[in-house]
Amino acid sequence: MSAERWRWLRTKCRRLFRRGKEEAALDRELQFHLDQLVAQFREEGMSEKEARLAARREFGAAGEAYREEIRDTWRPPQLADLWRSVRFAVRSLARSPGFALLAIMTLALGIGGNTMMFSVFDSVVRKPLPYPESEQLDRIYRGTPQNSGGNLAPADFLDLQRNAQSYGAVAAFAPSDTSLSEPGQPAEMASGVRTTANLFSLLGIEPQLGRDFRKGEDIPGNDRVVILSQRCWQKRFGGDPEIVGRMIRIDGRPHQIVGVMPAAFNDWRHLGWVDLFRPLALEKDQATNRRDTILHVIGRRSAQVSPAEGNGFIANFGARLAKDFPEVNAGSSWRAERLNGTIQGKTAGTILGLLIGLSGFVLLIACSNLANLLLARTIARAREFAVRSALGASRMQLLRPLIVESLLLATAGGLCAILVAMWGADWLAARSTGDNGEQVILAFNWAVFGWAFGASVFTAVAFGLAPALFALRLNVNGTLKSGGRGLTGTRGHQRFGRILIAGQFALAMVLLAGAALFIRGLNELNHRRAGWQSERLVTGTVVLPAARYSSARTINNFHRLVVERLESLPGVASASISSFAPFFDWADVRKYLVAGRALPKPGHEPAAVVNAITPHYFETVRTPLLAGRVFNARDTATSAKVFIINHAMAVGLFGNQDPIGHRLAQTGRADLQWGEIVGVVADVRSVLPEAGPVSFQLYEPMAQEPRAYDEIAVRAASGAPSVLIENIRTAMTSLDPDLPVRSLQTADATIERANYQTAVLRDMLTGFAILGLGLASLGIYGVIARTTAQRTSEFAIRFALGACVRDITRIVLASGIKLVLIGSALGLLGAVGIAHLLAAGNPGMQLNSPPVLLGTMLLLTAVALVACWLPARRAARINPIDALRAE
Amino acid sequence: MDKVRSELLQGTLDLLILKALSAVSLHGWDIAKRIAVVSNDRLSLKQGSLYPALHRLEDRGWIEAEWGVSEAGRSAKFYRLTRKGRKELEVEKEHWLSFADAMNSVLNNLEELS
């Protein structure tokens, strides 16, 4: 570049960016000229004063007229126009700071909420898991009619592993909570996972310290090794760099720490809650087990296998197993789903997408509010537009300030919105931190900022459109003739404003109804005590380590001791042990044959969820016995097999017949073991939102099939359960110091805690609903207040002609309420749709309630009434004489 | 001699400025003076059009400015021609001369043809 050109560019830049300096230079240049002029006049013989006056006269008033012309040459032409429009818009907004502030705040809340939801969606669904080539990873499910997201049985998994070459590779893990202790310290409960030796290498993550599991360490006897998660290493071992090689006691047996996983492995969406990883060593009887679906299976497709092909392979494999082993696998359907986008096995996309949609409703309400405000501003400036148009301004010139004004508002709103979204994300992260410290990490990245930017532009277009259309359709002649006095806009514009208000209330109705239904549903869920009672009930979980509780006899002895010990505590009415708590889903699904009936087709046997219980279980949780008897101490491992079934199963299998005395046997065994139904109890419903409707429930005596995974339940006779909790803990420790009790608290607290994620969802919905309702009320208040003010003279005349206060109030109220009723009636349709969508994501919740919908509509109308009543009161206070004189 | 009509023909202002700067660098006052002297006071540049024109030409990169010291010892903004401006001057001059020539021919010879 030549030196000349370089200097020219510098001048240009100076003129663009160093305005102050350039102005000063211009002043000096013009001053110099003026002084020269004065000097010339002096030479011609004028006095100093005359010369100055003459020079001024010739030069013009400090040359202001052509200064602007000079400045124009400093700016590129389009930029100059734009710059002028921006300054014009800033000035005109600064003249009404109230409006600007309201608009920016409205936008900040609307865009902010929306951006926050997008950032959640982004970090949960869009962001891939922290594994290399994570798009090749699948979660493999064995769906059954009872559970579409079911796991695999060990033998089925081993078959799959042996035959998966054309798919890729598969690995499995099974949650197994354990006790963790070091010499001389009490045991702690740790969340553990047993994994096949290839899980980490399949995911593509290496330990940050030490080594991975070796082949062969998943053979029973070689499995006394453990890998820590980063979280456990930091929290429990203080990040000790010499940790590898140390021995710790797990379930009372010494294990060697061989590695520590990196922090990335703690991604909360997948394995984030785990403390310990141990090899999955399958004993011989486990390796041939096709019944107990305990394994979570993950697959990595070969690079050339597409997701659809992978899914096809898995589905085929499942179909083949169903044919080979119909007694356990008939009716099951296998599938592979991408691991990305699932949270701990649950699909989060639907519900989050729904929330983005709902926050979009808030944004739409905000937009239509602004559209109304801007429309009113534009109408108020109609005369100015008409004059400018008459003076020859082109359409573009008329529109530009309007467009720039809305872009300016949207930009300011968008910037504030990012702050709002960050604040919201902080709140959400704090709110959604779980028991195990797993946290939703919300990262703000370019995608999120891009979303905020897009939303801002969208809003600018959406709310800037109305006034722009108005300006285009302006009738110059009419406007000038009317003198710009008492302008209310044409009928069309008023109708447009009203449609916006009705639309706002439709959206607000959807939001409010969705939130109200959800709040009610969650309340119902948290207080659902169908088939049992929670007052003064304390529950906790213990897992008996297989190494020390290996035989049915040792487990039975321990159970007997525990119940005896707990029932002897002061203030305890009764105590029991069961394999499942009454209020959660019972994961153990089994199929049964009925004695004396024709064998059903394989796969069509009745299935029931099974709970193994000790004799005082029903007394402790207070599930009513409807017929027959409960189990007692004489139902032992050696006595005849007995069952108790729930009401639904009794009706489903035996109709009006008395089920007592009928015999059932579990399918899938070579030698069918028949047992007699001795009792019928009431149905029990789960309190989890994902739970399906009540299914068949079957109880068997714990003694006849002892379980290592135990739920303890203790019913206090009276008083607060808090004292009892400590007593229970002491009693349990005295029985087995290596056995920690997890989640020992009241049943109410456990339920509340279990549904906390749903509660977060409820809080977000409620937030959006309140925001939407607030904005919509503000909108209707603004429109009614404005139209009322414009009709002042009309009301004054009505007063003068004898109308009384009540008449005027009624006119104003009626104009508002009509809009609200139309809007919320439309919204009712949307609300029903929202209820359906929410119900699809939360099948266990009661989300359909006409009274709630009606109540929502009443609330909405009441709020709108207040918003309309304020301007109505003002209208009713018009002094007709003053108002008419002002005309 | 009569003063030519006060408003210049369109497009001539730029040419006058460029020509005035073709040999030396001058400040605004001297440009106006020099043109007035050379044209025997028949062409006078009003500062109202002179300064915007100077800034416009500078913006186009035909002239460039530098602060210097005037004869009276005051600091003043001096303009000079750039290479681009010199080329432009030639083009404009050609343009103007051929235009003036054409005008002359028409004004002097049109009656004789008819």
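In what follows, chains are A, B, ... by sequence order, proteins preceding strands, each numbered from 1.
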In this structure, CD of A:E22 is separated from NE2 of B:H55 (nearest 0.5 Å) by 8.0 Å
Is there a side-chain contact between A:L30 and B:Y51 (heavy atoms, below 4.5 Å)? yes
Heavy-atom pairs under 4.5 Å with chain A: which of B:K77, B:K84, B:K33 has the most? B:K77
What part of B:S70 gets within 4.5 angstrom of chain A, counting heavy atoms only: side chain, backbone, both, or neither? side chain
Smallest heavy-atom separation, B:R60 atom then A:W8 atom, equals C-NE1, 3.7 Å
CZ-CD distance between B:R80 and A:E4, expressed to the nearest 0.5 angstrom: 7.5 Å
Tell me, for A:A25 versus chain B, whether the close heavy atoms (under 4.5 Å) come from the side chain, the backbone, both or neither. both
Shortest non-hydrogen contact from A:H33 to B:G28? ND1-C, 4.4 Å
Decide if atom CZ of A:R388 counts as having more than 12 heavy atoms of other residues, nucleotides or ligands within a radius under 6.0 Å. yes
Heavy atoms of other groups near A:E48 CD, more than 12 under 6.0 Å: yes
So, the part of B:R83 with a heavy atom under 4.5 Å from chain A: the answer is both
How long is the span from the CG atom in A:D35 to the CZ atom in B:R74, to the nearest 0.5 Å? 4.0 Å
Side chain from CB out, backbone as N, CA, C, O: work out which of these in A:L37 comes under 4.5 Å of a heavy atom of chain B, or both, or neither. both
Give a yes or no on this: more than 12 heavy atoms of other residues, nucleotides or ligands lie within 6.0 Å of atom CZ of A:F453. no
Please report the shortest heavy-atom distance between A:F32 and B:H27, naming the atom on each side. CE2-ND1, 3.2 Å
Is it the case that over 12 heavy atoms from other parts of the model lie below 6.0 angstrom from the CZ atom of A:F458? no
